[in-house]
Amino acid sequence: MAEFLRIPLNEKIYKNDLKDQLFNVLSSSVQRNPQKLDNDINSFVNVERTLENLTISNNSLNALKLYYVQLSNLENVVPDDKIQFNWRLALPSLELDASFESLLLEKCLILYNIGAIYMGLGVDSYVVEIPVVKEVCQYFQAAAGCFSQILENIKELRHNHNIFNPSFLKCLINLALAEAQECSWFISKQCGHSDSVLSKLSYQIALYYEEALREYILMNFKENWIKDIDDYLQFKTNYFVAAATYRKGIYLSSKNKFGLAIANLKYTEYLLNKIKKTRHREKIINFQTTSNDRLNNELRDNESLHLQEIPTLQSPNINPANMVSPQYVGTIIQKDLIKGDINTFTDLIPISVIESSNAYREKQEKYVNEELIKPLKEIKNNLEIFVNTDIQLHLARTIQQSEVASCKESFKEMSQLETNTKSIIDRLISSFTKEQEINEKYENKYGYLNWNNLSHSPENDYIREKISFVNEYIKEGQLVTQQTKQLYKSLDLRTILEPTTGSKEFVLLFQRFTMINNYRSTFLRNIKLKSENNPILPKLIKTYSTEGISLFPQVFNDHLKLFENDRKEILDEEVKNIEYKHHLQKLEPQTTQITKSILDSNPERYKAIEQFANVKLNIMHGIKFYEDLLMSVNDLQDRINVFLNQNKNKRTQEATRLGIVL
């Protein structure tokens with residue numbers, strides 16, 4: 001392989017103020033643990049220092065990849081133009097020494113060096129053995145991936161620059177893909193693939209070299225790059241077109257298309273004669289001898305046997321077969337990356353994102369209240385008012401013993417759920433508080449700056465806030481549960497079980513009212529829980545890492561789509577009110593008489609039945625409340641367990657670092 005594939009590496013210029021720059025920018029723009037922030041900054045500066053004296057080696061490649069990962073993490077939390085970087089450039093450019101403030105441009109220069117090392121590894125590793133050639137093929141595709149990503153990135157740079165020339169990058173991309181395709185062609189040749197396949201593979205190689213040459217001609221500052229590369233690219237283009245037409249000629253001859261076969265072989269001869277006039281003539285001696293022999297044999301056989309017309313071939317008629325493509329940069333960076341401080345800057349949350357999250361949380365609460373809770377409460381209240389006290393007296397029916405027994409079982413279930421949920425919450429509070437006390441003990445003993453743990457992390461704050469919320473929530477629920485227990489104990493079951501008569505149709509309708517009302521109470525509670533359990537902050541953090549804050553309004557609008565089905569369901573509930581009122585009004589004449597008779601005959605029983613109905617409703621709500629809360633608490637328990645394990649591991653690491661025994 002040609003030595004000029006070893007494209008030169010750019011060299012970083014180090015200045016001592018990088019650490020101060022990072023601290024000033026990060027301390028004013030992110031929510032952070034001071035000790036963790038200091039550790040991250042030191043890690044970043046140390047990794048940057050490993051980029052001195054880069055060589056074509058896996059060690060240099062890993063150092064660049066690790067630095068690129070840390071740059072990407074940093075890019076997620078700080079503005080692009082707040083940190084200055086300095087380079088001495090080796091690539092074609094107007095500038096020799098470049099100073100700029102752009103994280104994105106810094107990533108581009110790192111990608112360039114990664115691509116350059118992959119190109120160099122491809123040259124150094126090349127051995128005519130299929131397993132090695134396959135690996136070399138991957139090297140060149142990785143290089144093409146790096147240069148392709150740079151080409152995409154420079155479109156997004158906020159300021160004009162003279163560092164990367166687009167034609168230079170396109171030239172490198174096509175050059176790397178040409179070499180990768182050449183590896184694929186070699187493997188196919190060694191594996192005995194058909195002449196038709198080899199012809200198509202060869203032609204694609206030629207197209208890549210031809211495109212590389214075209215972009216090279218368009219480049220500015222060619223004098224800063226490799227001398228005579230245009231001559232080499234022209235040679236490779238002609239050589240592989242010749243190889244393609246030669247294989248195409250052999251293939252056509254095997255299909256008895258002798259005239260076309262000769263036309264392709266003549267085109268091969270034409271290209272080889274062009275190469276013969278250049279300094280690359282010695283590289284084609286064997287190929288030209290073989291090609292001439294084949295052409296002469298085909299001409300002789302055609303003149304004496306086949307007598308087919310020989311057309312004039314103006315240009316090759318070959319469909320290229322592409323076997324390579326630029327590798328995705330994410331795959332390139334992760335491949336063979338030795339695990340170092342790849343989590344540097346990952347725990348930092350921009351203050352602007354936190355502030356936006358708080359503002360959007362308030363907007364979400366307002367939206368949920370105005371668009372969901374308030375309308376649903378109005379619908380619920382409207383039906384309750386319509387089904388007034390007089391109509392509710394039509395509970396004139398016989399309460400069965402089984403219904404009372406079912407109420408007792410539900411009461412026991414609610415009580416057990418209350419006990420279980422409270423027990424889990426108390427246990428969570430105890431374990432989390434104990435862990436906080438241990439951290440505080442060592443923090444007080446060894447100093448805040450020396451003892452680094454997770455007690456000041458965003459996850460810690462989230463768990464503390466969630467525990468507080470859950471604890472307050474169950475206290476409110478327990479007050480209602482206590483009232484329900486008192487109501488249950490005061491039930492007059494003897495009066496409730498007295499047999500009565502009433503309108504069967506009305507009883508069924510009232511049962512439907514009870515079901516509708518119970519469902520709406522549950523619906524209201526679920527909407528509140530849904531809003532609490534779906535904060536927008538994680539989505540804002542993810543969006544900020546890729547797009548900045550510009551898409552936050554769109555993220556919020558998409559976030560509100562969580563409640564679209566709830567809005568539709570509220571509209572359905574309004575329709576239920578209309579239908580229910582219609583059915584109830586049809587029964588109005590007979591219900592008036594029934595109401596009067598029940599009031600006159602047994603008002604105590606009505607009060608007992610009404611109390612029984614309220615108890616049943618409260619018990620049902622209580623069960624649903626504790627089931628939902630228990631589900632939320634179980635999820636929180638899993639999250640706390642993960643956090644506690646991480647914190648214990650971190651505490652052990654800190655103890656080892658300080659040389660102490662816990």
Side-chain angles (χ1 to χ4, degrees), residues 7 9-12 22 40-41 43-78 80 83 85 87 91 102-125 134-157 163-164 169 172-173 175-177 179-180 324-348 541-548:
I7 60 176
L9 298 171
N10 294 313
E11 179 185 348
K12 281 191 73 65
L22 286 167
D40 284 355
I41 291 173
S43 172
F44 182 82
V45 172
N46 291 337
V47 170
E48 192 213 29
R49 291 291 176 178
T50 65
L51 304 186
E52 290 184 282
N53 303 318
L54 292 173
T55 60
I56 305 300
S57 65
N58 284 316
N59 286 339
S60 290
L61 193 61
N62 188 73
L64 287 164
K65 288 181 178 181
L66 183 56
Y67 183 63
Y68 183 87
V69 170
Q70 292 192 351
L71 273 175
S72 299
N73 295 341
L74 183 62
E75 189 180 38
N76 292 337
V77 293
V78 301
D80 179 72
I83 301 172
F85 300 97
W87 286 80
L91 49 80
S102 172
L103 285 166
L104 183 58
L105 187 52
E106 176 78 350
K107 287 176 67 179
C108 289
L109 285 159
I110 294 301
L111 279 178
Y112 171 85
N113 275 357
I114 292 174
I117 290 179
Y118 270 121
M119 293 282 276
L121 288 174
V123 176
D124 291 345
S125 305
K134 286 182 178 179
E135 185 176 18
V136 170
C137 183
Q138 292 298 315
Y139 286 156
F140 285 118
Q141 290 180 87
C146 291
F147 302 137
S148 296
Q149 188 62 55
I150 297 171
L151 191 61
E152 287 299 312
N153 287 353
I154 61 175
K155 299 174 185 176
E156 301 175 14
L157 289 173
I163 294 179
F164 285 106
L169 292 170
L172 288 180
I173 293 166
L175 184 57
L177 291 176
E179 297 295 333
V324 298
S325 62
Q327 278 190 11
Y328 170 59
V329 164
T331 304
I332 296 169
I333 297 300
Q334 293 300 322
K335 184 179 180 183
D336 302 326
L337 175 62
I338 300 172
K339 300 302 180 184
D341 294 330
I342 59 175
N343 293 321
T344 298
F345 303 129
T346 55
D347 294 333
L348 304 181
I541 293 173
K542 184 177 179 181
T543 302
Y544 182 85
S545 67
T546 56
E547 305 291 343

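Side-chain contact of Ser43 with Gln70: a donor-acceptor pair under 3.5 Å is present, judged by distance alone.
Remark: the backbone N or O of Ser102 is not paired with any side-chain donor or acceptor of Asp80 at under 3.5 angstrom. Here the side chain of Asn10 pairs no donor or acceptor atom with the backbone of Asn113 at under 3.5 angstrom. The backbone N or O of Ile56 sits nowhere less than 3.5 Å from a side-chain atom of Ser60 that would complete a donor-acceptor pair.
In this structure the side chain of Leu74 reaches within 4.5 angstrom of the side chain of Leu22, judged on heavy atoms. Between Val123 and Tyr139 there is no side-chain heavy-atom pair separated by less than 4.5 Å. Two residues are said to be in side-chain contact when any heavy atoms from C-beta on lie closer than 4.5 Å; Tyr68 and Val329 meet this criterion. Within the 4.5 Å cutoff, side-chain heavy atoms of Leu121 are placed close to those of Leu61. Between Gln138 and Tyr118 there is no side-chain heavy-atom pair separated by less than 4.5 Å.
The one candidate from Leu64, Ile163, Leu9, Leu172 that meets the side-chain contact (heavy atoms from CB on, under 4.5 Å) condition with Tyr112 is Leu172.
From Ile333, atom CD1 reaches atom SG of Cys146 across 6.0 Å, with rounding to the nearest 0.5 Å. Interatomic distance, CD1 of Ile83 versus CG of Leu103, reported as 5.0 Å (0.5 Å rounding). Here the straight-line distance linking atom CD1 of Ile150 with atom CG of Leu111 works out to 5.0 Å at 0.5 Å rounding. Between Ile114 atom CD1 and Tyr67 atom OH the span is 11.5 Å, to the nearest 0.5 Å. Separating the CG atom in Leu175 from the CZ atom in Phe140 is a distance of 8.0 Å, to the nearest 0.5 Å. Separating the CG atom in Leu105 from the CD1 atom in Ile110 is a distance of 10.5 Å, to the nearest 0.5 Å.
Summarising the geometry of Ile154 relative to Cys108, their closest heavy-atom pair is CG2-SG, 4.3 Å, with the distance given to 0.1 Å. Minimum interatomic distance between Ala143 and Gly115 (heavy atoms only, all atoms of both residues): CB-O, 3.5 Å. Scanning both residues, Ala142 and Ile332, for their nearest heavy atoms gives O-CD1, 3.2 Å.
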* To do: Using the side-chain contact (heavy atoms from CB on, under 4.5 Å) rule, take Leu151 and Phe164 through it: C-alpha gap first, then chi angles, then the decisive distance, then the call.
  => CA-CA 8 Å; Leu151 191 61; Phe164 285 106; over 6 Å; no

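Listed by first then second residue, pairs satisfying salt bridge (Lys or Arg N to Asp or Glu O under 4.0 Å) with a partner in residues 48-66 read Lys12-Glu48, not counting sequence neighbours.
When the side-chain hydrogen bond (donor to acceptor under 3.5 Å, both in side chains) test is applied to Asn46, no partner is found at least two apart in sequence or on another chain.
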